[in-house]
There are 2 protein chains.
Amino acid sequence: MLKDIIEKLRSKGCKITPQRRIIIQSLIKFTKFPTASELCNDIRQTNPEISLDTVYRNLNLLIDMGVVNQINLPGKDANVFELSLEGHHHHLVCLGCGAADCLDYCPVDEKELQKATGLKFEIIGHSLELYGYCEKCKALSK
Amino acid sequence: MLKDIIEKLRSKGCKITPQRRIIIQSLIKFTKFPTASELCNDIRQTNPEISLDTVYRNLNLLIDMGVVNQINLPGKDANVFELSLEGHHHHLVCLGCGAADCLDYCPVDEKELQKATGLKFEIIGHSLELYGYCEKCKALSK
DNA sequence: CTTGATGCAAACTCTTTGCAGTACC
DNA sequence: GGTACTGCAAAGAGTTTGCATCAAG
């Protein structure tokens with residue numbers, strides 16, 4: 001997974017710096033989708049010298065490369081990042097702890113929707129987020 | 001519609017100032033979902049003296065009152081506001097001009113989804129945005 | 001050696017807050 | 001008249017940019 005991404009960057013002429021490598025590694029390792037600064041703090045535990053702007057710059061680079069998605073959650077800590085190697089999918093976002101799981105299954109049939117909405121609007125994509133509580137947070141609230 | 005909202009505010013003990021009234025009127029009038037500053041600029045065409053912080057303060061108040069929804073769109077101009085008198089619905093967001101239409105019909109069956117995802121995650125809500133091109137922007141791109 | 005990447009600092013945008021004066025109820 | 005609201009200015013958060021230095025290819 002790390003190798004694939006490195007290879008993709010290399011093939012597009014990007015240099016593979018230690019910072020870049022660590023950012024990708026950290027992103028792979030996260031179980032929730034991190035904000036830019038969460039990612040930076042995580043990396044600083046082993047590499048205290050990295051700067052937040054480098055994290056931002058590389059996240060934007062990875063987004064341009066199609067390796068990372070940026071997700072806008074409602075509320076605070078709204079901008080989070082995820083690896084996007086898996087193609088189209090959706091998320092189960094926990095309202096308790098903020099953890100987000102992926103849902104491979106896509107329940108949205110765009111063709112059906114296009115029929116239902118008529119021809120005025122041409123649908124070319126969608127985003128669906130499911131909100132609720134994960135196992136841990138369900139247990140905590142009881 | 002304006003009256004209903006004013007009444008609701010009054011019943012909760014809020015004062016009805018000219019600014020407040022104009023903000024609501026402008027919000028009703030918009031055909032796309034405006035950002036806070038778009039809303040402010042629109043209001044300034046007739047009331048140049050209004051300040052952006054008042055717009056923000058009142059939008060937050062209206063959100064607390066349940067009269068307005070805040071929607072996070074991906075990319076720039078991410079935070080937009082809509083009146084939320086119609087209950088649960090989704091949006092057709094134009095990638096060309098940013099205009100957003102409402103879709104009353106909800107194609108997401110949460111019960112089905114709950115079955116499909118199992119019991120680990122308890123679904124209590126969802127958000128769905130459809131992206132594409134409105135009639136105008138479709139025509140322009142040809 | 002060349003070009004792109006980094007770190008620092010500062011700029012920028014969006015949003016919130018403190019405060020004194022104002023106006024709605 | 002009292003309390004909530006306004007405008008101003010300034011503070012904060014999050015993100016981007018300019019620049020000199022550094023290192024990957």
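Computation of the quantities below employed the complete heavy-atom set of this structure, encompassing side-chain atoms and omitting hydrogens, waters and symmetry-equivalent molecules. First the proteins, then the strands, lettered A, B, ... as listed; each starts at 1.
One can place CZ of A/Arg21 at 14 Å from C1' of C/dA5, the figure rounded to the nearest angstrom. Rounded to a whole Å, the CG atom of B/Asn41 is 14 Å from the C1' atom of C/dC14. Following rounding to the nearest Å, A/Asn60 (CG) and C/dA5 (P) show an atom-to-atom distance of 13 Å. B/Tyr56 has its OH atom 13 Å from the C1' atom of D/dG12, to the nearest Å. Rounded to whole angstrom, the span from the CZ atom of B/Arg20 across to the P atom of D/dG7 amounts to 11 Å. The NZ atom of B/Lys12 sits 19 Å away from the C1' atom of D/dC5 (whole-angstrom rounding). Atom P of nucleotide D/dT6 and atom CG of B/Leu61 are separated by 9 Å, given to the nearest angstrom. Distance, A/Leu39 CG to D/dG14 C1': 15 Å, rounded to whole Å.
Cluster annotation: A/Leu103 and B/Ile124 are assigned to distinct hydrophobic clusters (Ile/Leu/Val/Met/Phe/Trp/Tyr, side-chain heavy-atom contacts under 4.5 Å, transitive).
Using modelled atom types, one side-chain atom of A/Asp109 and one backbone atom of A/Lys111 make a donor-acceptor pair closer than 3.5 Å.
Separation of atoms OH (A/Tyr56) and OG (A/Ser37) is listed at 6.0 Å; rounding is to 0.5 Å. To the nearest 0.5 Å, atoms CZ (B/Phe30) and CG (B/Leu83) are separated by 11.5 Å. To the nearest 0.5 angstrom, B/Ser84 atom OG is 12.5 Å from B/Met65 atom CE.
Taking the charged nitrogens against the carboxylate oxygens, B/Asp101 and A/Lys120 have no contact shorter than 4.0 Å, which rules out a salt bridge.
Here A/Ser51 does not reach the OP1 or OP2 of C/dC8: none of its side-chain N or O atoms lies under 4.0 Å away. An OP1 or OP2 oxygen of D/dG7 is reached within less than 4.0 angstrom by a side-chain nitrogen or oxygen of B/Thr54. Applying the 4.0 Å criterion to OP1 and OP2 of C/dT15, one finds that B/Asn79 has a side-chain N or O inside that range.
Residue-to-nucleotide proximity on DNA chain D shows that, of B/Gly13 and B/Arg44, the 5′-proximal contact is made by B/Gly13.
Distance from the side chain of B/Glu49 is smallest for D/dG7 among the nucleotides D/dT15, D/dG7, C/dT15. Between C/dT15, D/dC8, C/dG7, one nucleotide has an atom nearer to the side chain of B/Arg57 than all others, and that is D/dC8. Checking D/dG7, C/dG7, D/dT15 against the side-chain heavy atoms of B/Gln19 singles out D/dG7 as nearest.
Of the candidates A/Leu62, A/Ile6, A/Leu61, A/Leu61 is the only one forming a side chain to side chain contact (heavy atoms under 4.5 Å, CB included) with A/Arg20. Under the side chain to side chain contact (heavy atoms under 4.5 Å, CB included) test applied with A/Asn58, the options A/Thr17, A/Ile23, A/Val68 reduce to a single match, A/Ile23. When each of A/Thr35, A/Asn69, A/Val93, A/Leu39 is paired with A/Val80, the side chain to side chain contact (heavy atoms under 4.5 Å, CB included) condition holds for A/Thr35 and for no other.
Heavy atoms of B/Leu52 sit under 4.0 angstrom from at least one base atom. Among the heavy atoms of the strands lying under 4.0 Å from B/Asp53 is at least one base atom, whether or not backbone atoms are also near.
Overall bending of the helix from C/dC1-D/dG25 to C/dC25-D/dG1, expressed as the angle between end axes built from five pairs apiece, is 40° (10° steps).
Nearest heavy-atom pair, B/Leu119 versus A/Lys138, reported as atom, atom and distance to 0.1 Å: O-NZ, 2.8 Å.
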Please list, pair by pair, any protein nitrogen or oxygen found under 3.5 Å from a nitrogen or oxygen in nucleotides 21-25 of chain D.
unit_1: D/dA24; atom_1: N3; unit_2: A/Lys15; atom_2: NZ; d: 3.2
unit_1: D/dG25; atom_1: OP1; unit_2: A/Arg10; atom_2: NH1; d: 3.3
unit_1: D/dG25; atom_1: OP1; unit_2: A/Ile16; atom_2: N; d: 3.2

